[in-house]
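A quick write-up on the structure given underneath.
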Amino acid sequence: MTGLPPDVEAYSRSPEFDQDTLPAALRRQHSTKPGTWGLIHVLEGKLVYRIYEPPSETVLEPGTRGVVRPEQLHEVEPASAPMRMYVEFYAARGTWSRSSARSLSRDR
């Protein structure tokens, strides 16, 4: 899939990370929660985006976003320095509330 489904809306986003602050949790295999989509935005440099099922590897750079499907195992790794990126989180309209919206912290 190259884009998000039409019935989802953004509800949260991570802080901006660089090659030094990208959390270890994002550098190893992890997934989003059920019903949660991710959209990886690279602001500067390059980032390797690996999906485990089906296996694929893509180099993301400014203008090329990575779509993460709900519960899809994946990881990211800086492919250049400097590198800056963030992730936006999406869910079906009406399925999230402001109290359940989360922000990814640097210590994860």
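Reckoned from all heavy atoms, side chains included, excluding hydrogens, waters and symmetry mates. On a predicted model such as this, the values are computed, not experimentally measured, just so you know.
At least one side-chain heavy atom of Val76 sits under 4.5 Å from a side-chain heavy atom of Leu22. Val87 has its side chain out of reach of Arg13: every pair of non-hydrogen atoms, C-beta onward, lies at least 4.5 Å apart. In this structure, the side chains of Asp18 and Met85 stay at 4.5 Å or more apart for every pair of heavy atoms.
The aromatic rings of His41 and Tyr86 sit parallel, their planes meeting at an angle under 30°, below the 60° perpendicular limit.
For the atom pair CG (Leu39) and OH (Tyr90), the distance works out to 5.0 Å, reported to the nearest 0.5 Å. To the nearest 0.5 Å, atom CH2 of residue Trp37 and atom CD of residue Glu9 are 15.0 Å apart. Atom OH in Tyr52 sits 8.5 Å away from atom CG in Leu73 (nearest 0.5 Å). Expressed to the nearest 0.5 Å, how far CD of Glu77 lies from CZ of Arg27 amounts to 8.0 Å.
Nearest approach of Val68 to Gln72, heavy atoms of both residues: CA-OE1, 3.8 Å. The heavy-atom pair separating Leu60 from Tyr49 by the smallest distance is CD1-CB, 3.8 Å. A pairwise comparison of heavy atoms in Pro6 and Arg93 identifies O-NH1, 3.1 Å as the closest pair. Nearest heavy atom pair, residue Gly45 against residue Pro62, reads O-CD, 3.3 Å. In plain terms, the two heavy atoms of Val48 and Ala79 that are nearest each other are CG2-CB, 3.7 Å. For the residue pair Pro70 and Pro34, the shortest heavy atom distance occurs at CB-C, 4.5 Å.
Checked by atom type and distance alone, the side chain of Ser80 pairs as donor or acceptor with a backbone atom of Lys46 at under 3.5 Å. With hydrogens and angles ignored, the 3.5 Å screen pairs a side-chain donor or acceptor of Gln19 with a backbone N or O of Met83. A side-chain donor-acceptor contact under 3.5 Å links His30 to the backbone of His74. Judged by distance alone, the side chain of Tyr11 and the main-chain N or O of Thr36 form no donor-acceptor pair under 3.5 Å.
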- Task: Walk me through it: do Arg84 and Glu16 pass the test salt bridge (Lys or Arg N to Asp or Glu O under 4.0 Å)?
- Result: CA-CA 7 Å; Arg84 294 182 306 121; Glu16 191 176 298; 2.7 Å; yes
- With salt bridge (Lys or Arg N to Asp or Glu O under 4.0 Å) as the test, would you mind laying out the steps for Glu75 and Arg50 before giving the verdict? CA-CA 5 Å; Glu75 67 184 23; Arg50 288 186 195 92; 3.0 Å; yes
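No continuous path of hydrophobic side-chain contacts links Leu43 to Leu47 [ILVMFWY only; heavy atoms under 4.5 Å].
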